Asks: 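Input: one structure, supplied below.
Treat the numbers as computed from the prediction; the structure is a model and nothing was measured. Just so you know, ligand 1 is whichever comes first in the structure, and atom 1 is the first atom listed for that ligand.
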Amino acid sequence: MRIRTFTARSMSEALRLVRQELGRDAVILGNRDVAEGVEVTAAIDPTDEPVSDSFQIQDRDLGPNVLPLEVGDDEDQLPEEAERLLRAVAFHGAPLEVNEKLCRRAAQVNDPSLTISLAAGVEEVFRFSPFGRPSDNALVLVGPPGAGKTVVAAKYAVESVLSGRPLKIATTDIERPGGEMRLMELAEILDNRPVRLTPGRRLEWSGPRIIDTEGVNPFDDSDIQKLRETIEINDAEPVLVLPAGGDPYEYEDIAYVFAELGVTRLVATRIDTARRIGGILAAASTGLSFAAAGASPVIADGLYPLTPTALARLILNDPDGAAELDEDRKHA
Ligand SMILES: Nc1nc2c(ncn2[C@@H]2O[C@H](COP(=O)(O)OP(=O)(O)O)[C@@H](O)[C@H]2O)c(=O)[nH]1
Ligand SMILES: [Mg+2]
C-alpha cells in the first residue's frame with residue numbers, strides 16, 4: 001500500500017492531482033482543510049512497484065509529501081502479521097499520522113507477538129500518567145455531557161476509600177435535575193456526602209478532593225469560562241473525560257479546547273461499548289496522557305490503569321481486550 005497526500009487550492013484540483021499521480025484505482029482516505037486550501041490523502045496498491053522482502057515500513061523513494069507507509073514482501077502480498085496490524089490500526093479511524101507512527105514503530109520491533117510490537121508503537125505515540133493513589137491535589141473532571149464524569153468521580157471515590165485515602169467529593173452539577181443523584185446515592189453508601197458547589201465557590205478542604213462538573217459544550221465560550229473559574233478557584237488539575245466511540249476529528253478539536261484550560265490528562269470511558277477507539281486515540285495524540293479507563297457503568301468495577309499493552313490489545317481488537325484490562329489491573 002502506498003499512501004500520499006496532495007495539497008491544492010480546491011478539492012477538485014486535489015482530486016485531479018490524485019488521479020494524475022496515482023491513477024483511477026486510488027482510494028481517497030481522507031481530506032482536511034489546510035492554510036493552502038485542502039489536503040487529500042489517497043492510497044494505491046503498488047502492483048507494479050518493486051517490493052521489499054520483509055515486514056518493514058520503509059522510507060525509500062518517497063517525496064516530501066508522501067507518507068512512508070509502504071509494506072510488502074516478494075509475493076506482492078503483505079505478510080500476514082503486517083496485514084493484520086495495518087488493518088487493525090486503520091479500523092479505529094484515528095488520524096493518519098497516528099496510524100503511521102504506530103505501525104512504523106511496531107514494524108521496527110517486529111516481535112512474534114503483535115501485541116508487543118504494537119505496544120512499542122503505542123508507547124512511542126501516547127503518554128500514560130495513571131491516577132495512582134489520591135494526592136492532596138484537587139482534580140476537576142471536565143468534558144461534554146454524558147461523557148461519564150460522574151461515574152468516574154464515583155469510581156475514583158470508591159477506590160480512594162479502598163486505598164485508605166478517602167477523597168472529599170464535590171459537584172458543580174447542581175442545577176440540572178438528577179445531575180448529582182448518582183453521587184448522592186454513593187454518598188449514602190460511603191457515608192461521604194458530596195459538597196454542592198455553586199459557581200465561583202471554592203471547596204474548602206486540604207486533603208485529596210475531586211470535583212465533578214456539569215457537562216459543557218466545548219465550543220461555547222461561556223461554558224468554558226465557567227469551567228475555568230471552577231478550576232482556578234480550586235487550584236485544581238482539570239482532567240478530561242471522553243467516552244470511546246466518538247469521532248476522531250471532533251475529539252481532536254475537543255482535546256485542543258480542553259488543553260487550553262490546562263488539561264493534560266484524559267480518562268477514556270465506555271471502552272466496553274465501543275468497537276472503534278480512534279476518537280480517544282486522536283484526543284490523546286494531541287499530547288494528553290491517559291490517566292485511566294472506564295469499561296463498565298457499574299461503580300464497583302472501578303477504573304483501569306490504561307497501559308501500553310492494554311491499549312495495544314484494544315487496538316488489535318482482541319475480543320478479550322476489554323476483559324484483559326482486568327489482567328493489567330491485577331498487575332498494576
Ligand atoms: N457501558 C458503560 N457505561 C458508562 C461508562 N461510564 C459511564 N457510563 C454510563 O454513561 C452514562 C453517562 O454517565 P455519567 O457519569 O452520568 O456522565 P456525565 O454526564 O459525564 O456525568 C450513564 O448512563 C453511565 O452509567 C462505562 O465505562 N461503560
Ligand atoms: Mg454528571
Asks: Select one of side chain, backbone, both or neither to describe which atoms of Val151 lie under 4.0 Å from any atom of ligand 1, heavy atoms only.
Replies: both

Asks: Looking at ligand 1, is there an atom of it that comes within less than 4.0 Å of some heavy atom belonging to Gly215?
Replies: no

Asks: Apply salt bridge (Lys or Arg N to Asp or Glu O under 4.0 Å) to Glu237 and list each qualifying residue two or more places apart in sequence or on a separate chain.
Replies: Arg265

Asks: So, taking the atom named CG in Asp173 and the one named CG in Leu141, what distance separates them when rounded to the nearest 0.5 Å?
Replies: 11.5 Å

Asks: Sort by chain and number the protein N/O/S atoms found under 2.8 Å from the Mg ion (ligand 2).
Replies: Thr150 OG1

Asks: Answer side chain, backbone, both or neither: which part of Pro243 comes under 4.0 Å from ligand 1, heavy atoms only.
Replies: neither

Asks: Tell me whether Val151 shares a hydrophobic cluster with Leu242, the cluster being built from Ile, Leu, Val, Met, Phe, Trp, Tyr side chains joined at under 4.5 Å.
Replies: no

Asks: Just need the protein heavy atom nearest to atom 25 (O) of ligand 1, so name the residue and atom and give the distance.
Replies: Arg182 NH1, 3.2 Å

Asks: Report yes or no: do Glu214 and Thr172 form a side-chain donor-acceptor pair below 3.5 Å?
Replies: yes

Asks: Any idea which part of Thr273 is under 4.0 Å from ligand 1, heavy-atom wise: side chain, backbone, both or neither?
Replies: side chain

Asks: Should Leu118 and Leu311 count as side-chain neighbours, where that means a heavy-atom distance under 4.5 Å?
Replies: no

Asks: So is Ala295 in contact with ligand 1, going by heavy-atom distances below 4.0 Å?
Replies: yes

Asks: Nearest heavy-atom pair of Leu17 and Ala8: which atoms, and what distance?
Replies: CD1-CB, 4.2 Å

Asks: How many angstroms lie between atom CG of Leu102 and atom CG of Leu86, to the nearest 0.5 angstrom?
Replies: 11.0 Å

